[in-house]
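Numbering of ligands and ligand atoms starts at 1, following listing order.
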Amino acid sequence: MNIHEYQAKELLKSYGVPTPIGGVAYSDAQAAQVAEEIGGERWVVKAQIHAGGRGKAGGVKVVDTIEAVRKTTDSLIGTHLVTHQTGPEGSVVQRVWIEQASQIKKEYYLGLVIDRGTQRITIIASSEGGMDIEEVAKATPEKIIKEVVDPAIGLRDFQCRKVATAIGLKGKLMPQAVKLIKSLYRCLRDRDALQAEINPLAVVTLGEEEKLMVLDAKFNFDDNALYRQKAITEMRDLAEEDPKEVEASGHGLNYIALDGNIGCIVNGAGLAMASLDAITLHGGRPANFLDVGGGASPEKVTNACRIVLEDPNVKAILVNIFAGINRCDWIALGLIQACNALQIKVPLIVRLAGTNVEEGRKILAESGLKFITAENLDAAAAKAVAIVKG
Ligand code: GDP
Ligand code: MN
């Protein structure tokens, strides 16, 4: 689960991490009011969408009058902001974050990720902040600093100093960097985040002083831990998620929309991935990933069909079930129920194997409905691809 920048900043603030003074606004009038309240002479108006790359896309504007805060907010709210991370349809801006503009001296990158390779929380930092970290990693990999945290020991001060030194922070900024990195680490651990990214982390000037400040923050939380993270779960913005994915999760289905035209209904995440691969191997393009899980009832299968068919691109559905905990007869009943209830017009290619397979096949054959059956995944994928290609 992702959250908005303003939520990330409020969260970080509660961990003592310095962020600029600001407030969220849902309208131009509210934005002007927030700017008045926070005071100052320059403000940053930032479109709140889950995707990054807003700066380059015109979603981050620095202005110096309250009137400009109002106008900029008006021009952003309600628009589809398209960034290199949103896809061509963009994300609708429903609110903006207004903050006091900072006097930026230099921008850095600071991230914490759970590295699957080492199975450890890893600090990633760079002196080249503000821009795409992927670009920095490609063009100048030596400018990416990594520090691995031993879970049995936790993050030590010397590691924070090592990272800070490597990206060029020194003097009075050093203790600030140590405190900030440790707070970020504590936040990530406490809140079951998988990833926290601060880009830019900036050195800003406040009169004579120099201060480290978080100017942008992104978090990704572990969905499997949300049950014990009430405050985080409340930050969920369903408008930012695919409505089909939200509906599917409500039915205990794991659905992820893709951009092809062959819908997929499979049991088990591994088999679902293999099914996508098989379709691709035969020259087709899957419309979705969908794992119905174990013990899929006829109702669950019907819901799965309905969600898959909500995607107008779907020209055929591949059903691939290798039943262990599942029962092929239940799947077959579910498919018949779905065909009748949903008036399914697209061809269904069905591959059943495992528990009660004979019964399942019999139910399909005697249903009077036109199912295209296949003996194995490879044959089923080949048939599905041949059908959509006409
Ligand atoms: P992103 O493009 O979605 O990652 O949005 P960011 O919040 O990172 O903003 C992009 C860029 O806008 C930053 O790298 C900064 O250079 C600039 N920016 C963001 N906040 C401020 C601010 O408070 N003051 C100033 N002067 N520039 C800012
Ligand atoms: Mn950023």
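Residue nearest to atom 19 (C) of ligand 1, selected from Lys46, Gln85, Gln48, Lys218: Lys46 (by heavy-atom distance).
Atom 9 (O) of ligand 1 has as its closest protein heavy atom Val60 CG2, 3.8 Å. In terms of protein heavy-atom proximity, atom 21 (C) of ligand 1 is closest to Val44 CG2, 3.8 Å. The protein non-hydrogen atom at the shortest distance from atom 26 (N) of ligand 1 is Ser102 O, 3.3 Å. Protein heavy atom nearest atom 14 (O) of ligand 1, with residue, atom name and distance: Glu107 OE1, 3.0 Å. Atom 25 (C) of ligand 1 has as its closest protein heavy atom Ile104 CD1, 3.4 Å.
Checked for salt-bridge contact, Glu247 and Lys244 miss the test: no charged N lies under 4.0 Å from a carboxylate O. Contact check on Lys138 versus Glu134 returns no salt bridge, with no Lys/Arg side-chain nitrogen under 4.0 Å from an Asp/Glu carboxylate oxygen. For Asp115 and Lys146, the salt-bridge test fails: no basic side-chain N is under 4.0 Å from an acidic carboxylate O. Under the 4.0 Å criterion applied to side-chain N and carboxylate O atoms, Lys172 and Glu209 are not assigned as salt-bridge partners. The pair Lys362-Glu358 fails the salt-bridge criterion, with no side-chain N (NZ, NE, NH1 or NH2) lying under 4.0 Å from an Asp/Glu carboxylate O.
Within a radius of less than 2.8 Å around the Mn ion (ligand 2), the protein N, O or S atoms are Asn199 O, Asp216 OD2.
Residues forming a side-chain hydrogen bond (donor to acceptor under 3.5 Å, both in side chains) with Gln229 (at least two apart in sequence, or on another chain): Asp192.
In this structure a side-chain-to-backbone donor-acceptor pair under 3.5 Å is missing from Glu147 to Val163. A donor-acceptor contact shorter than 3.5 Å is absent between the side chain of Asn288 and the backbone of Leu258. With Asn267 contributing its side chain and Phe322 its backbone, the two residues share a donor-acceptor pair below 3.5 Å. Side-chain N or O atoms of Lys211 include none that pairs as donor or acceptor with a backbone N or O of Gln176 at under 3.5 Å.
The shortest N/O to N/O separation between Gly55 and ligand 1 falls below 3.5 Å. Backbone and side-chain nitrogen or oxygen atoms of Gly53 are examined, and one is located within less than 3.5 angstrom of a nitrogen or oxygen of ligand 1.
Counting the atoms of ligand 1 from 1 in the order shown, those under 4.0 Å from a heavy atom of Gly130 are 14 (O). Those atoms of ligand 1 that come under 4.0 Å of a heavy atom in Gly52, given as number and element, are 3 (O). Every atom of ligand 1 is numbered from 1 in the order shown, and the set under 4.0 Å from a heavy atom of Arg54 is 1 (P), 2 (O), 3 (O), 5 (O), 6 (P), 7 (O). Numbered from 1 in the order shown, with element, the atoms of ligand 1 that lie under 4.0 Å from a heavy atom of Glu99 read 23 (O). Each of the atoms 1 (P), 4 (O), 5 (O), 6 (P), 7 (O), 8 (O) of ligand 1 lies under 4.0 Å from some heavy atom of Asp216.
When the shell of 6.0 Å around CZ of Arg189 is examined, it contains 12 or fewer heavy atoms from other residues, nucleotides or ligands.
Between the NZ atom in Lys46 and the OG1 atom in Thr72 there is a gap of 14.0 Å [rounded to 0.5 Å].
Remark: distances from the non-hydrogen atoms of Pro200 to ligand 1 include one below 4.0 Å.
Inside a 4.0 Å radius of atom 11 (C) of ligand 1 there is not any protein heavy atom.
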From CA spacing to verdict: side-chain hydrogen bond (donor to acceptor under 3.5 Å, both in side chains), Tyr6, Glu99: CA-CA 10 Å; Tyr6 75 94; Glu99 68 183 25; over 6 Å; no
